[in-house]
Every structure is written in C-alpha cells, then in structure tokens.
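First listed ligand is number 1; within each ligand, the first listed atom is number 1. Atom set for the values below is all heavy atoms of this structure, side chains included, hydrogens, waters and symmetry mates excluded. Each residue takes its place number in the sequence, starting with 1.
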Amino acid sequence: MKILENKVAIVTGAARGIGQAIALQLAADGADLALGDVKVEWLAETAEKVRALGRRAECYAMDVANSAVVNEVVTQMAADFGHLDVLVNNAGITRDTLLIRMTEEDWDAVLDINLKGAFLVTKAVAKIMMKQRSGSIINIASVVGVMGNPGQVNYSASKAGLIAMTRTLAKELGSRNVRLNAVAPGFIRTAMTDKLSEQAKEYMLRNVPLGRPGEPEDVAKAVAFLAGDNASYISGQTLPVCGGMIW
Ligand code: NAI
C-alpha cells in the first residue's frame with residue numbers, strides 16, 4: 001500500500017511550477033487531489049497528469065486571499081471528497097524591488113496572498129481536520145524568510161510570517177493530531193525564478209554549496225515526506241530544501 005493511499009490532499013497554486021510538482025508527487029504516493037489556483041484554466045494540465053497516475057483530481061477556482069471564496073471552495077472540496085487529510089499552502093507571488101521603490105500596494109499584494117492566504121485556507125481546513133482528529137498541513141516558505149534578501153522585504157517578511165505561523169499552529173492543533181510543518185525552498189527552477197536577472201541568478205547560485213538550482217521535484221519529495229505517516233512525530237518544523245544554502 002502506498003504511503004498516501006486513501007488520503008485527500010489540497011494543493012493551492014497547483015497550476016504550475018512547485019505546486020504542480022507537489023500535486024504529482026502526492027498522487028504518485030497514492031493521494032487524490034483537490035487542486036486550487038486563481039488561474040483555474042491552467043489547472044487542467046495538472047489534473048490530467050494526476051489522473052494519468054491513476055488518482056482522482058478536481059479543479060477549483062480559488063483566490064487564496066479572498067476569505068469568502070476560500071470558505072466556499074473548502075466546503076465544496078469536503079463535500080466532493082468526504083474528508084481532507086493534507087493541505088499544502090503553496091500559492092505565492094513576488095513583487096520584488098528595493099524598499100525605497102516598493103509601494104504599499106506591492107507590500108499588500110504579497111502579504112495578502114503569501115501570508116493571509118495561508119491563514120485563510122488553514123483556518124477553513126483545520127476546522128475539518130480537528131473534527132477528524134488527523135491532518136497534515138505544509139506551508140511553502142522560503143530560505144529568504146530565514147536569511148533575508150535585498151529587494152524582497154515584502155516577500156521575505158511573508159515567508160518569515162509563514163514559518164512563525166507554522167510553529168504557533170503546531171502548538172495550537174497538536175492535541176487534535178493535526179501537524180504543521182514548513183518547507184523552505186532555496187533557488188528552484190520555475191517561472192517565478194526565470195524572470196530574475198542573470199545577475200540575481202548568479203548571486204543566488206554562488207551561495208548554493210551543491211552548485212546548482214533545485215528542481216520543483218526536489219521540493220515535492222520533501223513535502224510528500226512531511227504529508228505522510230513517515231513524519232507522524234514531526235510538527236512545527238521548517239525543512240530547508242536549498243542545496244545547503246542555510247543550515
Ligand atoms: P509560480 O509562479 O510558478 O506558481 C505559483 C502558482 O500560484 C501559480 O499557478 C499562480 O497562478 C498561483 N497563484 C498566484 N496567486 C494566487 C492566489 N491568489 N490564489 C491561488 N493561487 C495563486 O511559483 P513557484 O516558483 O512554483 O512557487 C511556488 C511556491 O514556492 C510559492 O509560494 C513561492 O513563494 C515558493 N518558493 C519558490 C521558490 C523558487 O525558487 N521558485 C523558492 C522559495 C519558495
């Protein structure tokens with residue numbers, strides 16, 4: 001029996017990049033998938049790939065920063081699947097620029113999606129997991145939430161917030177057998193990092209002891225480990241997947 005057999009997993013921002021890789025790894029490990037993304041039309045590709053692995057996939061239009069939408073969609077997911085066992089808060093954006101040029105709108109957009117979004121989805125899903133007395137929630141943070149990064153004050157603050165949220169909720173929900181962990185990717189090859197300048201990419205790579213960018217699948221394998229019962233005594237932790245960039 002596969003480690004996630006009979007489990008239902010929600011992945012937000014599952015249309016592409018790391019979110020898609022996570023959905024596929026969880027499906028390969030036996031889970032059925034509730035896929036959320038603000039770009040619902042992009043989700044078809046992920047859903048097809050999940051189904052090709054023999055698992056169920058349903059797609060949901062979900063802006064994680066909109067509480068009414070989040071509550072409605074999570075209720076629908078629970079009705080469609082009957083139970084919700086794993087939540088991966090992966091949806092995230094960047095609006096990079098130095099402090100002096102950063103607008104209030106840049107700050108709000110990143111904090112709303114990366115941090116408030118994870119809070120809203122976690123709150124809706126945790127209610128169900130607490131009643132079930134089981135669940136595993138994984139927040140996709142970033143190494144910059146630990147080490148900081150010039151030009152990313154909004155993004156690094158949102159990711160540091162996610163790490164603190166993970167620790168706090170691990171303490172609040174542990175007695176109901178709901179675990180929370182974070183994964184902190186380093187420099188991973190996706191559309192999000194493709195748009196960085198060559199200079200920024202070189203700067204990042206100089207700080208990677210393994211000397212190469214990571215792949216979305218590298219992050220997905222860590223998430224799948226934390227999602228399943230092999231990690232049943234691990235909660236409140238942040239696991240860096242960064243080629244050795246941070247300890
Ligand atoms: P991406 O930009 O390729 O994919 C992000 C996905 O989130 C997209 O499908 C997008 O439509 C979706 N999304 C954006 N706003 C949303 C919203 N309001 N509601 C629902 N979905 C929304 O990004 P990538 O690289 O795959 O990143 C995924 C996660 O990994 C993000 O949280 C990012 O911060 C994190 N991360 C990425 C790293 C990298 O090097 N690529 C490094 C560290 C963390």
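For the pair Glu105 and Arg95, the salt-bridge criterion is met [side-chain N within less than 4.0 Å of a carboxylate O]. Between Asp85 and Lys7, no side-chain nitrogen of the basic residue sits less than 4.0 Å from a carboxylate oxygen of the acidic one, so the salt-bridge criterion is not met. Between Glu217 and Lys221 there is no salt bridge, since none of the side-chain N atoms of the basic residue sits less than 4.0 Å from a carboxylate O of the acidic one. With respect to Arg51 and Glu48, no salt bridge is recorded, no charged nitrogen being found less than 4.0 Å from a carboxylate O.
For Ala78 against Ile128, the heavy-atom pair with the smallest separation is CB-CD1, 3.8 Å. For Ala65 against Ile113, the heavy-atom pair with the smallest separation is CB-CG1, 4.2 Å.
When side chains are defined from C-beta on, Asn181 does not count as touching Thr238, because their heavy atoms never get closer than 4.5 Å. Inter-residue side-chain proximity for Arg55 and Glu5 is flagged as met; some heavy-atom pair is nearer than 4.5 Å. Using a 4.5 Å heavy-atom threshold, the side chains of Tyr233 and Arg179 count as separate. Counting only heavy atoms from C-beta outward, the side chains of Tyr203 and Asn149 approach each other to under 4.5 Å. Between Tyr155 and Asn114, some side-chain heavy-atom pair lies under the 4.5 Å cut-off.
Counting atoms of ligand 1 from 1 in the listed order, those under 4.0 Å from a heavy atom of Lys39 are 11 (O). Listed by number with element, the atoms of ligand 1 under 4.0 Å from a non-hydrogen atom of Asp63 are 17 (C), 18 (N), 19 (N). Against a heavy-atom cut-off of under 4.0 Å, Ala91 is close to the following atoms of ligand 1: 7 (O), 20 (C), 21 (N), 22 (C), 32 (O). Here is the list of ligand 1 atoms found below 4.0 Å of a heavy atom in Ala141: 43 (C), 44 (C). Atoms of ligand 1 lying under 4.0 Å from at least one heavy atom of Ser142, given by number and element, are 43 (C), 44 (C). Counting atoms of ligand 1 from 1 in the listed order, those under 4.0 Å from a heavy atom of Gly17 are 26 (O). Taking every heavy atom of Ile93 and a limit of under 4.0 angstrom, the matching atoms of ligand 1 come to 14 (C), 15 (N).
Among protein heavy atoms, atom 36 (N) of ligand 1 sits closest to Tyr155 OH, 3.4 Å. Nearest protein heavy-atom neighbour of atom 41 (N) of ligand 1: Thr190 OG1, 3.1 Å. With hydrogens left out, the protein atom closest to atom 16 (C) of ligand 1 is Val38 CG1, 3.6 Å, a heavy atom. Distance from atom 1 (P) of ligand 1 to its nearest protein heavy atom, with residue and atom name: Arg16 NE, 3.4 Å. Atom 42 (C) of ligand 1 has as its closest protein heavy atom Gly186 O, 2.9 Å. Protein heavy atom in closest approach to atom 5 (C) of ligand 1: Gly92 O, 3.9 Å. Summary of contacts: the protein heavy atom closest to atom 11 (O) of ligand 1 is Asp37 OD1, 2.7 Å. Nearest protein neighbour of atom 7 (O) of ligand 1, counting heavy atoms only, is Gly13 CA, 3.4 Å.
Residue Ala184 places no heavy atom under 4.0 Å from ligand 1. The shortest heavy-atom distance from Gln20 to ligand 1 is not under 4.0 Å.
The shortest N or O to N or O distance between Ile188 and ligand 1 is under 3.5 Å. For a threshold of 3.5 Å applied to N or O pairs, the pair formed by Met62 and ligand 1 contains at least one separation below that value. Residue Thr193 places no N or O, backbone or side chain, under 3.5 Å from any N or O of ligand 1. Residue Asn114 has no nitrogen or oxygen atom sitting less than 3.5 Å from a nitrogen or oxygen atom of ligand 1, judged on distance alone.
The environment of Glu41 atom CD is dense: over 12 non-hydrogen atoms of other residues, nucleotides or ligands sit within 6.0 angstrom.
When the heavy atoms of Asn66, Ile18, Val64 are ranked by distance to atom 19 (N) of ligand 1, first place goes to Val64. The closest non-hydrogen atom to atom 32 (O) of ligand 1, taken over Asn90, Val183, Ile140, comes from Asn90.
With a heavy-atom cut-off of 4.0 Å, Ile113 touches ligand 1 through its side chain alone.
Residue Gln20 is tested with Ile18, Ile22, Leu24 for a side chain to side chain contact (heavy atoms under 4.5 Å, CB included); the sole match is Leu24. If you run side chain to side chain contact (heavy atoms under 4.5 Å, CB included) between Phe187 and each of Val144, Asn207, Leu196, only Leu196 comes through.
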